[in-house]
Peer 1: 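Before anything else, here's the structure in question.
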Amino acid sequence: IKVNGEFSSSPFPRSFLFGTASSSYQYEGAFLTDGKGLNNWDNFTHKPEQQDLDLMDYLGVNSYRFSISWARVLPRIQPFVTLTHYDIPQELADRYGPWLSREVQEDFEYYADICFKYFGDRVKYWATFNEPNVVVIRGYQSGIYPPSRCSSLFGNCTNGDSEKEPFIAAHNIILSHAAAVKIYRTKYQKEQEGNIGIVMNTLWLEPMSNSLGDKLAAERAQAFYLNWFLDPIIFGKYPKEMYEILGSSLPSLSKYDLEKLKNGLDFIGINYYSSFYVKDCIFSVCEPGPGNSKTEGSILRTAKRNGVLIGEPTDVDWLFVYPQGMSEIVTYIKERYNNIPMYITENGFGERDNPHTSIEDLLNDTRRVRNGADVRGYFAWSLLDNFEWNDGYTIRFGLHHVDYATLKRTKRLSANWYKQYIAKHMAGKRSSASA
Ligand code: GBH
């Protein structure tokens, strides 16, 4: 089998990364310890008591000595690092809303520069953002993530403007990404020889029927979910469906922006969990949702067709087990973006406090390799049970169970399943017979 131009008896090339994924806020549980400042999720999940900072403020000090823990740098593991996984310092969130002002671009660039400079000798895989589409949709449309902004367009609250803000926020995130990439390319990449990309949440969106209307609707839905970010970064313009539907509400890309965007990715990180059907609500009669005509192109996104669910339901309301969807989305991205390198940066399964979870169904999918797409790694979400955002600790995504009282980790069946899968398929681990 030929993969990435390499011959191998394993369907995975030697350089294929098998990993597990995590994020800082969901794992570390640090609040105001070790010199960490407040971020937007601290602010969202609890009204922080700024104990340590207050103490320092009271003292009037302007400096704080701390150390980096040598043993935290794990030498045998290839670090695949995200610069921001939903979190941003609260101070910047207050100042910029946190993505509504273009000034945030410069701050992000400054932060990224520091990370490249100090960690780039060891980190060869950088993702600028985790799921900026979710940050924007949940932060500025439905309002269920910070900064909790939405408007009557989407239902529940009135402190935002869902017609404009999501697109402004997305624009600033896209250009912040571009700024970080530009710094990496010009100052670091040649010497450090790493890769830089972005991680997107993906959904496979299957047309409800073979009608042209439903096919176009599925395409519109994808334009407003995925291509919204990837098109500008890769092609230098938003998807045509967005221009058609939004017209001048879509921020325009200046010459200067385009210059920054050029050559804006080495890889796409794909977080894939679930799939939905999409029905057209322009020519057929339906109640559009979860967005509305103006912001999502008049589509209905639903897990059911003729009363049958697209995949087995789970304890997580948006997660239906549909492994084919991963091949579908990989193929879609491969075709749209000219076979760019991809990593499955998250894929997993959440259960409500059940100690026996298997990800077998979600992983048992090698068509993405056989179809010739350039998939270079797979990261299961997640190594451990962790803080599942709005669901707190009630939803468990780990290959390992965590007893939160004692922090004791216990292997689930899925941990052993994944271990065996890796042992069998990791090319480097096989005997020389593989040549
Ligand atoms: C990922 O988020 C996160 O990166 C990770 O931190 C998290 O723990 C993990 O997955 C498990 O949830 O109804 O329009 O929102 C995924 C968040 C929320 C994205 C549900 C897809 C469904 C479409 N997902 N969303 S929508």
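Read the numbers this way: they start at 1 and go in the same order the structure lists the ligands and their atoms. Owing to the predicted nature of the structure, the values given are computational and were not obtained by experimental measurement. Index from 1, following the sequence.
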Peer 1: For Tyr337 and Ile268, indicate whether the former's side chain and the latter's backbone hold a donor-acceptor pair under 3.5 Å.
Peer 2: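 Absent.
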
Peer 1: Taking non-hydrogen atoms only, is Tyr225 closer than 4.0 angstrom to ligand 1 via side chain, backbone, both or neither?
Peer 2: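 Under 4.0 Å from ligand 1, Tyr225 contributes side-chain atoms alone.
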
Peer 1: Identify the residue among Tyr378, Phe80, Phe16, Phe18 that makes a ring pair (Phe, Tyr, Trp, His ring centres under 6.0 Å) with Tyr343.
Peer 2: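 It is Phe80, the one option of Tyr378, Phe80, Phe16, Phe18 that forms the ring pair (Phe, Tyr, Trp, His ring centres under 6.0 Å) with Tyr343.
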
Peer 1: By number and element, which atoms of ligand 1 are closer than 4.0 Å to a non-hydrogen atom of Gln26?
Peer 2: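 Those qualifying, in numeric order: 5 (C), 6 (O), 7 (C), 8 (O).
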
Peer 1: Check the orientation of Tyr145 and Trp389. Use parallel for under 30°, tilted for 30 to 60°, and perpendicular for over 60°.
Peer 2: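 Geometry flag for Trp389 against Tyr145: tilted rings.
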
Peer 1: Counting only heavy atoms, tell me which of Phe397, Trp381, Trp318 gets closest to atom 24 (N) of ligand 1.
Peer 2: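 That would be Trp318.
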
Peer 1: Near Tyr110 OH, under 6.0 Å, is it more than 12 heavy atoms from other residues, nucleotides or ligands?
Peer 2: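 Atom OH in Tyr110 is not packed in, count stays at 12 or less.
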
Peer 1: What do you reckon, does Tyr145 have a nitrogen or oxygen under 3.5 Å from a nitrogen or oxygen of ligand 1?
Peer 2: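 In this structure, Tyr145 places no N or O atom under 3.5 Å from an N or O of ligand 1.
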
Peer 1: Centre-to-centre under 6.0 Å for His177 and Trp126, is that the case here?
Peer 2: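 No, the ring centres sit 6.0 Å or more apart.
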
Peer 1: For Asn130, counting its heavy atoms only, list the atoms of ligand 1 lying under 4.0 Å from any of them.
Peer 2: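 Atoms satisfying the 4.0 Å criterion: 4 (O).
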
Peer 1: Would you confirm whether Asn39, through its side chain, and Pro89, through its main-chain N or O, come within 3.5 Å as a donor-acceptor pair?
Peer 2: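 Not at all, since once roles are kept as given, no pair shorter than 3.5 Å links the two residues.
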
Peer 1: Looking at Gln141 and Cys150, would you say the former's side chain and the latter's main chain have a donor-acceptor pair under 3.5 Å?
Peer 2: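 Answer holds: no.
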
Peer 1: With a cutoff of 4.0 Å, is Phe276 in contact with ligand 1, counting heavy atoms of the residue only?
Peer 2: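 In this structure, Phe276 fails to qualify as a contact of ligand 1 - no heavy atom is under 4.0 Å.
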
Peer 1: With atoms numbered from 1 as shown, which atoms in ligand 1 lie under 4.0 angstrom from a non-hydrogen atom of Asn201?
Peer 2: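 Atoms satisfying the 4.0 Å criterion: 16 (C), 19 (C), 21 (C).
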
Peer 1: Ligand 1 versus Gln141, non-hydrogen atoms closer than 4.0 Å: side chain, backbone, both, neither?
Peer 2: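 The answer is neither; Gln141 stays 4.0 Å or more away.
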
Peer 1: Could you tell me whether Val316 approaches ligand 1 through its side chain, its backbone, both or neither, with non-hydrogen atoms closer than 4.0 Å?
Peer 2: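 Val316 to ligand 1: no contact under 4.0 Å from either part.
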
Peer 1: With a cut-off of 4.0 Å, which atoms of ligand 1 are near a heavy atom of Glu131?
Peer 2: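 Counting atoms of ligand 1 from 1, those under 4.0 Å from Glu131 are 1 (C), 2 (O), 3 (C), 4 (O), 16 (C), 17 (C).
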
Peer 1: Counting heavy atoms not belonging to Asn159, are there more than 12 under 6.0 Å from its CG?
Peer 2: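 For Asn159, atom CG is crowded (more than 12 foreign heavy atoms under 6.0 Å).
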
Peer 1: Are any of the N or O atoms of Tyr273 closer than 3.5 Å to those of ligand 1?
Peer 2: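 Yes.
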
Peer 1: Please report whether the ring centroid of Tyr322 lies less than 6.0 Å from that of Tyr272.
Peer 2: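 No - the distance between ring centres of Tyr272 and Tyr322 does not fall below the 6.0 Å cut-off.
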
Peer 1: Which ligand 1 atoms, with their elements, are less than 4.0 angstrom from a heavy-atom of Arg301?
Peer 2: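 Once the distances to Arg301 are compared, the set is 13 (O), 14 (O), 23 (C), 26 (S).
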
Peer 1: Give the atom numbers and elements of ligand 1 that come within less than 4.0 Å of a heavy atom of Asn271.
Peer 2: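 So the answer, numbered in order with elements, is 4 (O).
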
Peer 1: Less than 4.0 Å between a side-chain N and a carboxylate O, is that true for Asp266 and Lys124?
Peer 2: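 Looking at Lys124 and Asp266, the cut-off is not met.
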
Peer 1: Can you classify the ring geometry of Trp41 versus Tyr25 as parallel (below 30°), tilted (30 to 60°) or perpendicular (above 60°)?
Peer 2: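 Correct class here is tilted.
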
Peer 1: Using a 4.0 Å heavy-atom threshold (strictly under), name the region of Asn386 that reaches ligand 1: side chain, backbone, both or neither.
Peer 2: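 Within the 4.0 Å criterion, Asn386 makes no contact with ligand 1.
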
Peer 1: Quick check on Ile137 - does any of its heavy atoms sit under 4.0 Å from an atom of ligand 1?
Peer 2: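 Checking ligand 1 against Ile137, which is what was asked, there is no heavy-atom contact under 4.0 Å.
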
Peer 1: Which atoms of ligand 1 are found less than 4.0 Å from any heavy atom of Val134?
Peer 2: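 Reading through ligand 1 atom by atom, the close ones are 19 (C).
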
Peer 1: Quick one: which ligand 1 atoms are inside 4.0 Å of a heavy atom on His85?
Peer 2: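 Ligand 1 atoms under the 4.0 Å threshold to His85: 3 (C), 4 (O), 5 (C), 6 (O).
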
